[in-house]
Every structure is written in C-alpha cells, then in structure tokens.
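It should be emphasised that the depicted structure is a prediction, and the values quoted were computed from it without experimental measurement. Whatever order the structure lists ligands and atoms in, that order sets their numbers, starting from 1.
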Amino acid sequence: MLKIEKMNVYYNHIHAVQDVNLNVKKGEIVSIIGANGAGKSSLVKAIMHLVKFNASLFKLDEIDLLKGNADKLVSLGMALVPEGRQVFPDLSVEDNLEMGAYTVKKRELVKEKMKEMFLLFPRLEERKKQKAGTLSGGEQQLLAMARALMSSPKLLLLDEPSMGLAPIMVQEVFKIIKKINENGTTILLIEQNASMALNIADYGYVLESGRLVKEGKAQELLNDYDLKKSYLGG
Ligand code: ATP
C-alpha cells in the first residue's frame, strides 16, 4: 500500500531521516520503534508532507506521491493522528470530529461516520458536547484517533499514541488500534513503547539516529536478543 525508498529529511546541518526504505502492506499493522530523538516524528511528518524531504520512490498504491499529489493526501486515503493529539481545545468533541471530515462533502456521510465513531468510542459519545480541551489526556487521544478516522482513511498513521498516558489508558488505546485494523484500516504506528507496539504489529522497523537499523516480523523482533536489551526492558 505504502512504499518509500531512500527518504531523507534535513534540518540545515541535521540529517534527521537517512535513506529510509519502508513498505506497508494492505491490512497490516506496521510499527516503527525508536528512542527519543531517533527521528520518528520527522519520518511521520515527511510521510504526511509536513516537512521538506527527498525520496527516490514514494507511492500510495499506484499513486506517485512525488508527482504533485501532496495536497490531496487525505482525499487519497491517508490520515495522521499527530504527536500530542492536537485536538482543537475550544471546540466540542462533535465539532472536532466534523473537522476531521472536511474532505467529506455529503452531510449524510458525515453523520453516519460520526455515529460509527461513537459506537467505536462510547466515551466520546458521553462527552460529545464537552470542549475537547477539558477531556483527559487519554480521552483526547481517543478523540484524535476518531477525528482522523472521520475521513475513512485506508492508511492511518499514529505518532506516539501512548505518550504521556497512564498504563491503563495505553492498553485501551492499543486495543482500539487493533480494532481499527480489524475493521479494515492499514496502520503505521510510530512508538517509543516498543513492546506494546510490536505486540499488536505484523511487521516492525527499528529507527536509530535517523536510520532503520533492523526490520522483521514483529514476533521475531520481540524475541530479538539485542532489542530485548535496548528497547524491551529485559
Ligand atoms: P521524540 O520521541 O523525542 O519526539 P523523535 O524520534 O520523534 O523524538 P524527531 O523529533 O524526529 O525525533 O527528531 C530527530 C532529530 O531532528 C533530533 O535531533 C531533533 O532535534 C531534530 N529536529 C526535529 N525537528 C527539527 C526542526 N524543526 N529543526 C531542527 N531540528 C529538528
């Protein structure tokens, strides 16, 4: 579904993403794990065309994203749940969801989608009139996910969804990611919480200092001796 070759991101003299090759197959959960400052956010932002990058190949299915399709990423089926949620704090839960559906022209479809989101996230339905800024961190994460799903993406990118959440909420967020995937959305998950991210994934990549240093089936990475020592706390 998503194929990238030799992606690079520079910030002046900092080479934040270095010759990254990525392949995300339809239906999978693919996790990219890495420590603080490894370049995870830079990579996601580059994939969403939010920072300058270069690449030798960048395709979403058969669509060439190096050839002027950057402004249509959401219409083409990509959506991002950004790091730190970035919900609109002064808008209600409902209005935040509406914002996620800005590419959806038909009112009926927006309403239908919202119903679907409230089924998937009952906590949000209970709080639909509440201002997003007054939700707990975990609820804001759920809202950011629901907002991204409003455009019915085929590929959902999540940038560190577990960041700053209590362990119980982290579990809930990961359960929902799994469910979203089971409902048919392909997932690219960027995470510092390596064991959680690999546990729900089909395939994984390890990013270190801007480079992908390891990749493989998620189960194999979970059993990898070096990764256990440096990322998996054992
Ligand atoms: P974290 O988990 O701490 O968010 P990360 O893996 O997402 O880290 P990035 O935020 O992508 O890492 O940062 C990678 C490198 O690029 C870091 O050295 C960072 O200081 C640098 N960097 C990121 N954004 C910018 C920017 N806008 N200007 C200059 N340097 C930047």
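Of all the atoms in ligand 1, the ones that sit under 4.0 Å from a non-hydrogen atom of Ala35 are 6 (O).
Scanning all protein heavy atoms for the shortest distance to atom 23 (C) of ligand 1 gives Tyr11 CE1, 3.4 Å. Closest protein heavy atom to atom 7 (O) of ligand 1: Ser41 N, 2.7 Å. For atom 11 (O) of ligand 1, the nearest non-hydrogen atom of the protein is Ser42 OG, 2.5 Å. With hydrogens left out, the protein atom closest to atom 12 (O) of ligand 1 is Gly39 N, 3.1 Å, a heavy atom. Annotation: atom 20 (O) of ligand 1 to nearest protein heavy atom, Ile14 CD1, 4.8 Å.
There is a side-chain donor-acceptor pair under 3.5 Å between Tyr11 and Ser42.
Checked against a 3.5 angstrom limit, the closest N/O atoms of Gly37 and ligand 1 fall inside it. In terms of polar-atom proximity, Ala38 is counted as a contact of ligand 1, with an N or O under 3.5 Å from an N or O of the ligand.
Only side-chain heavy atoms of Gln192 come within less than 4.0 Å of ligand 1; its backbone N, CA, C and O stay farther off.
Looking at every heavy atom in both residues, Tyr102 comes nearest to Lys105 through O-NZ, 4.0 Å. The two residues Leu198 and Ala218 have their closest heavy-atom pair at O-CB, 3.3 Å.
Residue contacts with ligand 1 include Glu160, since one or more of its heavy atoms lies under 4.0 Å from the ligand. In this structure, Gly34 does not count as a contact residue of ligand 1, since none of its heavy atoms falls inside 4.0 Å of the ligand. For the ligand labelled ligand 1, residue Gly210 lies outside the 4.0 Å heavy-atom shell. Residue contacts with ligand 1: Met163 is excluded, as none of its non-hydrogen atoms falls under 4.0 Å.
Between Ser31 and Tyr205, every side-chain heavy-atom pair lies at or beyond the 4.5 Å cut-off.
Ion pairing between Glu208 and Lys214 fails under the 4.0 Å rule for side-chain N and carboxylate O. Between Asp159 and Lys45 there is no salt bridge, since no side-chain nitrogen of the basic residue lies less than 4.0 Å from a carboxylate oxygen of the acidic one. Using a cutoff of 4.0 Å between basic side-chain nitrogens and carboxylate oxygens, Lys115 and Glu112 are not scored as salt-bridged. For Arg107 and Glu98, the salt-bridge test passes: some basic side-chain N is under 4.0 Å from an acidic carboxylate O.
Take Glu28 and apply the salt bridge (Lys or Arg N to Asp or Glu O under 4.0 Å) test, not counting sequence neighbours, and it matches no residue.
For atom 2 (O) of ligand 1, the nearest protein heavy atom is under 4.0 Å away. For atom 14 (C) of ligand 1, a protein heavy-atom neighbour is found at a distance under 4.0 Å.
Rounded to the nearest 0.5 angstrom, Glu94 CD and Met114 CE are separated by 5.5 Å.
Checking Glu191, Glu83, Lys40 against atom 4 (O) of ligand 1, the nearest heavy atom belongs to Glu83.
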